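Encoded as structure tokens, the structure appears first; notes follow it.
Just so you know, these numbers come straight off a predicted model, no measurement behind them. Numbering starts at 1 and runs along the sequence shown.
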Amino acid sequence: NWTDWPITTGDWVYRKDERGSLALFGATDEPATVMIRCDRPRGQIFLSRAGAVGNGAKMVLRASAGLQSYPAKSSGGTPPYAAISISPGDIMLDRIAYSRGRFAIETTGLKSIAVPAWPQFSRVVEDCRR
């Protein structure tokens with residue numbers, strides 16, 4: 001059961017920049033394990049996790065109130081990230097915000113992870129909804 005997985009080590013950090021806002025999760029002085037970005041010019045939220053994926057990959061987000069699957073693509077950067085694009089109004093973002101302390105990210109070909117559901121995540125979502 002995903003609710004029994006150990007939570008990935010790290011902390012959330014919130015930032016604003018010229019494109020909107022983002023929150024990074026991971027160990028201090030290491031590349032982020034998970035990122036959520038509000039890209040205001042595009043009107044989209046991008047959620048990325050460390051690792052590369054191939055064609056046809058899926059990312060499943062799990063929260064206490066449900067799950068949702070999204071097509072995932074590699075970002076092509078260094079280090080590599082698997083990314084999904086989500087509408088700011090997607091109900092799954094609210095499910096994560098109100099999840100019981102954690103949410104999970106399962107991605108084709110990558111190790112599944114549990115991440116703490118801290119306010120920085122929700123702050124980025126709310127930034128994109130304004």
Side-chain angles (χ1 to χ4, degrees):
N1 186 342
W2 72 273
T3 58
D4 296 328
W5 298 349
I7 291 186
T8 303
T9 303
D11 291 305
W12 281 101
V13 176
Y14 173 87
R15 295 184 186 147
K16 283 194 167 241
D17 65 15
E18 66 283 345
R19 288 173 46 198
S21 62
L22 68 153
L24 307 159
F25 176 80
T28 304
D29 298 326
E30 296 287 329
T33 304
V34 175
M35 291 185 282
I36 180 170
R37 167 176 282 289
C38 166
D39 190 322
R40 290 186 67 73
R42 292 185 185 177
Q44 286 292 300
I45 290 178
F46 294 95
L47 180 72
S48 307
R49 55 118 348 131
V53 294
N55 291 334
K58 297 282 184 196
M59 185 181 292
V60 176
L61 303 179
R62 289 185 183 270
S64 303
L67 62 93
Q68 183 65 43
S69 177
Y70 302 88
K73 295 180 182 177
S74 282
S75 66
T78 303
Y81 283 89
I84 60 173
S85 175
I86 308 171
S87 165
D90 191 310
I91 189 67
M92 193 63 211
L93 298 170
D94 294 308
R95 290 177 178 158
I96 290 170
Y98 293 104
S99 195
R100 293 186 195 115
R102 67 176 63 204
F103 67 99
I105 303 172
E106 299 172 54
T107 311
T108 306
L110 300 175
K111 182 181 181 206
S112 297
I113 57 174
V115 181
W118 289 1
Q120 293 87 342
F121 182 98
S122 300
R123 189 170 176 192
V124 172
V125 173
E126 289 306 312
D127 287 346
C128 251
R129 290 179 174 171
R130 294 183 194 160

Non-hydrogen side-chain atoms of Leu47 and Met59 separated by less than 4.5 Å: yes

Do the side chains of Thr33 and Val115 get nearer than 4.5 Å, heavy atoms only? no

I'd like to know if Arg123 and Glu126 make a salt bridge, using a cut-off of under 4.0 Å between side-chain N and carboxylate O. no

So, do Val125 and Ile36 sit near enough that their side-chain heavy atoms are less than 4.5 Å apart? yes

Which ring-ring contact (aromatic ring centres under 6.0 Å, His included) pairs, counting each pair once, include a residue from residues 85-113, with sequence neighbours left out? Phe103-Phe121

Are Leu24 and Tyr81 connected into the same hydrophobic cluster when the rule is that any two of I, L, V, M, F, W, Y join if their side-chain heavy atoms are below 4.5 Å apart? yes

Counting neighbours of CZ on Arg129 that are heavy atoms of other residues, nucleotides or ligands and sit closer than 6.0 Å, is the number greater than 12? yes

Give me each pair satisfying side chain to side chain donor-acceptor pair (under 3.5 Å) with a member in residues 39-61, each pair once, sequence neighbours excluded. Arg19-Asp39, Gln44-Ser85

Quick check: are there more than 12 heavy atoms from other residues, nucleotides or ligands sitting under 6.0 Å from CG of Asp29? no

Euclidean distance, Ile96 CD1 relative to Asp90 CG, rounded to 0.5 Å: 8.5 Å

Any side-chain heavy-atom pair of Arg37 and Asp17 under 4.5 Å: yes

Within the 4.5 Å heavy-atom criterion, are Ile105 and Val60 side-chain neighbours or not? no

Side chain proximity check, Pro119 to Tyr14, heavy atoms < 4.5 angstrom: no

